[in-house]
Amino acid sequence: MINIRAAALALAAVAFAQPALAAPGDAAQARDILGKGVAFATVKGRGIVPAYAEYLKGVLVAGGFAASDITIEKIDETAVLHAVWKGSGKRAPIAIAGHMDVVEADPKDWTRDPFTMIEDKGYLFGRGVFDNKFDVSMIVATLVRLKAEGFKPGRDIHLFLSGDEETANSAAVQAKQAKAAGVEFVLNGDAGGGLIDDKGVPIEYSISAAEKTYADFEMVVTNPGGHSSLPTYPNAIAQMAAATQRVTDYRFPAQISDITRLSLAASGRKLGGPLGAAMVAFAANPADAAAIATIRASQAAGQIGTTCVPTMIKGGHAPNALPQRVTVTVNCRIFPGVAVEDVRLTLVKVAADPAIAIAATEGFTSSPPSPLRPDVTAAVQKAVAARFPGFKIVPGMDSGASDSIHYRNLGIPSYGVSGMFIRGSDVFIHGLNERIPVSAIAPALDHWHVLITELAK
């Protein structure tokens, strides 16, 4: 159900709260765009995404972009934004992508109002302040800055902002538009990025060139049931428990790609210790059983293959009745190049119970890795080195899916190149009290400025 009052307030913000353009693209303006963006509760079902899209369009128009070059297409209760900055046509177009929606946030659980950006002790709090309204705001502010500086792109720049990345796939529509426009590659602000330690020293910057496929499977067993005083066998709950344990204990084959080989070797050398040594060893020999065991015992397990874990269970209908139906949801993150159906068939084999039906309920088609283009990696390296001289970037594979999957599946390389550097302990994406350091804004603006000027000149 659409929140009428919230929608009205959001539309009012469009009309009366455009950011000042006295200093186009500076940190104050970018922060203002971010704060106003957080106020749009762009959660699935609230119908607020179109208003946020209109707000962003207003920022771009106020910054010198033609309104006729910016379209907002409503898709069900959400929307997508597509802006085009026409270049000289010397080279093929490029695209910049992000998403406007956020996951739900219950104010009762938060310390602060999740849809009001609040500064506290050097941090900005609010739902979406990181995922993904941070980079969306930095991108928009940078485009306005470049317009004010008189930058003349040598190729068309397309801005694609989707409206339901967290829950659906409106980006599939935009990927088709990118294909039709001849877009050569995509810079995705919703992936990649850097980690720093407690002293602000960089640990890693990953340019995301691949991602695992998200897929949910439902395991279902049914039984005639009956009165609990007259037990029959098999019991549906016990039957499902045994199959679920087998799925939990199973390990998919270890895998490696050109991207994970580079990222594991680089991360392992920096990390050191037994886990770091195992990463380096696996990169050199993916059949190293000891290295595989060490990595699988850590949170890096997802970097060396497909993982599937039970995440939800539902069963039984009364304390004194035999269960008639039990359902377990298994969430899988599938290594690039592995088909979703192949994973389902493996789960059927591992569950080893013909009475349990297993079907895919949600997921995407597996996407291929993007080739590491020298021009893109050089531009990202230059952007990162501007902040941290001498620091080297590494390619990476994301454990979760983003809008990049839709572009890659149409043959358009996509690269996660977020401008965020953050401590691991500050990452609260999708969680309570999501936050970013105030100090992250200015460097992120410079990051996007370098990327766009280098790749669109």
Side-chain angles (χ1 to χ4, degrees), residues 3 6 34-35 37-46 48-49 52 77-78 97-118 120 123-138 161-171 188-195 206 208 211-216 299-303 307-312 329-334 361-364 396-406 416 418-437 440 444:
N3 187 325
L34 178 59
V38 169
F40 290 88
T42 51
V43 177
K44 181 180 180 180
R46 298 197 191 187
I48 303 297
V49 174
Y52 180 42
E77 58 92 21
T78 189
H99 67 87
M100 300 178 285
D101 59 313
V102 298
V103 298
E104 184 60 90
D106 189 341
K108 297 192 300 295
D109 298 330
W110 281 55
T111 305
R112 309 160 188 82
D113 177 6
F115 297 107
T116 300
M117 191 174 78
I118 297 171
D120 187 10
Y123 290 94
L124 296 173
F125 292 82
R127 171 58 85 224
V129 73
F130 191 163
D131 184 17
N132 178 226
K133 290 177 178 176
F134 177 81
D135 274 282
V136 166
S137 300
M138 301 306 109
L161 300 180
S162 67
D164 56 6
E165 189 271 348
E166 301 292 1
T167 56
N169 56 0
S170 66
N188 186 0
D190 186 37
L195 288 174
S206 172
S208 174
E211 58 188 31
K212 302 181 82 174
T213 304
Y214 178 107
D216 286 330
Q299 289 189 335
Q303 289 295 304
T307 59
C308 289
V309 294
T311 54
M312 296 177 66
T329 298
V330 177
N331 178 257
C332 297
R333 306 301 173 117
I334 304 172
T361 59
E362 185 173 354
F364 301 102
M397 176 185 73
D398 289 335
S399 59
S402 73
D403 285 340
S404 286
I405 192 169
H406 302 291
S418 170
M420 174 65 77
F421 265 91
I422 194 168
R423 299 187 307 170
S425 58
D426 287 335
V427 177
F428 291 91
I429 293 174
H430 292 196
L432 295 177
N433 304 310
E434 185 177 352
R435 71 188 189 187
I436 62 157

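- Evaluation of the side chain to side chain donor-acceptor pair (under 3.5 Å) rule for S170 yields D164 as partners, not counting sequence neighbours.
- Partners of D216 according to the side chain to side chain donor-acceptor pair (under 3.5 Å) rule, which considers only residues two or more places apart in sequence or in another chain, are Y214, N331.
- Summarising the geometry of A444 relative to F134, their closest heavy-atom pair is CB-CZ, 3.5 Å, with the distance given to 0.1 Å.
- For E211, the salt bridge (charged side-chain N to carboxylate O under 4.0 Å, His left out) partners are R408, not counting sequence neighbours.
- Applying the side chain to side chain donor-acceptor pair (under 3.5 Å) rule to D403 yields the partners S162; only residues at least two apart in sequence or on another chain are considered.
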Inset, instruction - Output, in order, the C-alpha distance, side-chain angles, deciding distance and verdict of side-chain contact (heavy atoms from CB on, under 4.5 Å) for V136 and Y52. - result: CA-CA 11 Å; V136 166; Y52 180 42; 3.8 Å; yes
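- Annotation for S208 and D398: closest pair OG-OD2, 2.8 Å, computed over non-hydrogen atoms.
- The salt bridge (charged side-chain N to carboxylate O under 4.0 Å, His left out) test applied to D109 returns no partner, not counting sequence neighbours.
- Among all heavy-atom pairs drawn from R112 and I118, the shortest one is CB-CD1, 3.7 Å.
- Every residue meeting the salt bridge (charged side-chain N to carboxylate O under 4.0 Å, His left out) condition with R423, not counting sequence neighbours, appears here in chain and number order: D198, D426.
- Remark: L124 engages R31, L34, M117, E119, V129, I436, V438, I441 in a side chain to side chain contact (heavy atoms under 4.5 Å, CB included) (not counting sequence neighbours).
- Among residues two or more places apart in sequence or in another chain, the ring pair (Phe, Tyr, Trp, His ring centres under 6.0 Å) test is passed with F421 by Y205, F388.
- Take T111 and apply the side chain to side chain contact (heavy atoms under 4.5 Å, CB included) test, not counting sequence neighbours, and it matches N433.
- Residues in residues 125-135 take part in these salt bridge (Lys or Arg N to Asp or Glu O under 4.0 Å) pairs, two or more places apart or across chains: R127-E434.
- Scored by the side chain to side chain donor-acceptor pair (under 3.5 Å) test, D113 finds T116 as partners (sequence neighbours excluded).
- For the residue pair S402/N188, the side-chain donor-acceptor check at 3.5 Å is satisfied.
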